[in-house]
K.L.:
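Just passing along the structure, written as structure tokens.
For this chain, numbers begin at 1 and follow the sequence in order. What you see is a predicted model, and the numbers here were worked out from it, not measured in a lab. Both counts, for ligands and for their atoms, begin at 1 and track the order of listing.
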Amino acid sequence: MGSQEHENCNGYDYCKSYKGLHILKAHDQIKELQTILRDRNTTRSDFKFFADRLIRLVIEDSLNQLPFTNCDVITPTGETYVGLKYKSGNCGVSIVRSGEAMEQGLRDCCRSIRIGKILVESDVDTHEAKVVYARFPEDISQRHVLLMYPIMATGNTVSKAVNVLKEHGVEEECIVLSNLFCTPQAVQTVLDLYPKMKISTSEVHHVAPNHFGQKYFGTD
Ligand SMILES: O=P(O)(O)OC[C@H]1O[C@H](OP(=O)(O)OP(=O)(O)O)[C@H](O)[C@@H]1O
């Protein structure tokens with residue numbers, strides 16, 4: 001029997017001191033999705049289905065970190081409702097390849113949002129991350145960026161990608177990373193380097209499910 005809400009920091013309480021880190025409330029439903037994705041016996045078809053469910057939840061949470069503006073509407077009964085709407089000027093950027101798995105989740109929420117791409121590869125000899133491809137909307141420096149990458153192990157891939165965004169003029173405080181699983185080490189690495197950015201994730205755990213890209217796409 002589940003306990004309704006779990007410890008999504010898994011004992012790494014120091015992570016909570018990072019203001020930019022936002023972890024989904026780990027209710028039983030989220031824990032079940034995480035369990036299925038971490039189970040080595042999960043079939044590829046189930047993996048994709050349940051990954052898409054968790055992606056949608058993380059994307060929705062990340063969108064909550066973007067700026068809103070006041071907006072009044074008139075209801076069918078003629079009343080004024082004081083509401084909110086997204087401030088324009090957002091875009092997505094996916095880190096190839098795993099980050100591309102999150103693009104549909106973002107499009108399901110923001111139909112025509114522009115999505116840039118970055119490909120970061122680790123040097124086989126030095127293990128240093130280097131950028132081999134980057135394409136962004138022309139005016140990216142004026143936008144808030146939802147950066148998408150599901151797994152952070154060392155945090156090197158994401159750190160490199162954030163560095164590229166900053167080189168293109170994006171303000172650090174305008175970057176929100178949408179992530180499924182990250183290690184406590186990656187939280188430290190990324191947020192020590194870029195303390196003004198935000199991370200939205202479903203879980204901080206020392207074991208990174210590095211099989212994500214292979215299993216989601218079915219390629220090595
Ligand atoms: O935080 P880092 O240590 O940089 O690692 C992030 C992810 O990148 C690697 O996957 P892979 O090279 O298979 O990436 P891909 O699935 O995006 O192709 C690694 O296995 C992690 O899953």
K.L.:
Suppose we call two aromatic rings close when their centres sit under 6.0 Å apart. Are Y12 and H205 close by that rule?
P.N.:
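Aromatic pair excluded; centres sit 6.0 Å or further apart.
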K.L.:
Below 4.5 Å, heavy atoms only, C-beta onward: do V93 and L146 meet side chain to side chain?
P.N.:
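No, their side chains stay 4.5 Å or more apart.
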K.L.:
Can you list, by chain and residue number, every protein residue with a non-hydrogen atom closer than 4.0 Å to ligand 1?
P.N.:
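The answer is V96, R97, S98, Y149, I151, M152, A153, T154, G155, N156, T157, N210, G213, counting any residue whose heavy atom sits under 4.0 Å from ligand 1.
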K.L.:
What are the two closest heavy atoms between E103 and S94, and how far apart are they?
P.N.:
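Closest approach of E103 to S94: OE2-OG, 2.6 Å.
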K.L.:
Which of these, V170, V145, V164, I115, sits in a side-chain contact (heavy atoms from CB on, under 4.5 Å) with F136?
P.N.:
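The option that passes is V164.
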K.L.:
Out of curiosity, does I199 fall in the hydrophobic cluster containing L165 (side-chain heavy atoms, cut-off under 4.5 Å, transitive links)?
P.N.:
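Yes; tracing contacts between hydrophobic side chains, which count when under 4.5 Å, links both residues.
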K.L.:
Is L37 close to F181 at the side-chain level, that is, under 4.5 Å between some pair of heavy atoms?
P.N.:
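When only atoms from C-beta onward are counted, L37 and F181 do touch, with a gap below 4.5 Å.
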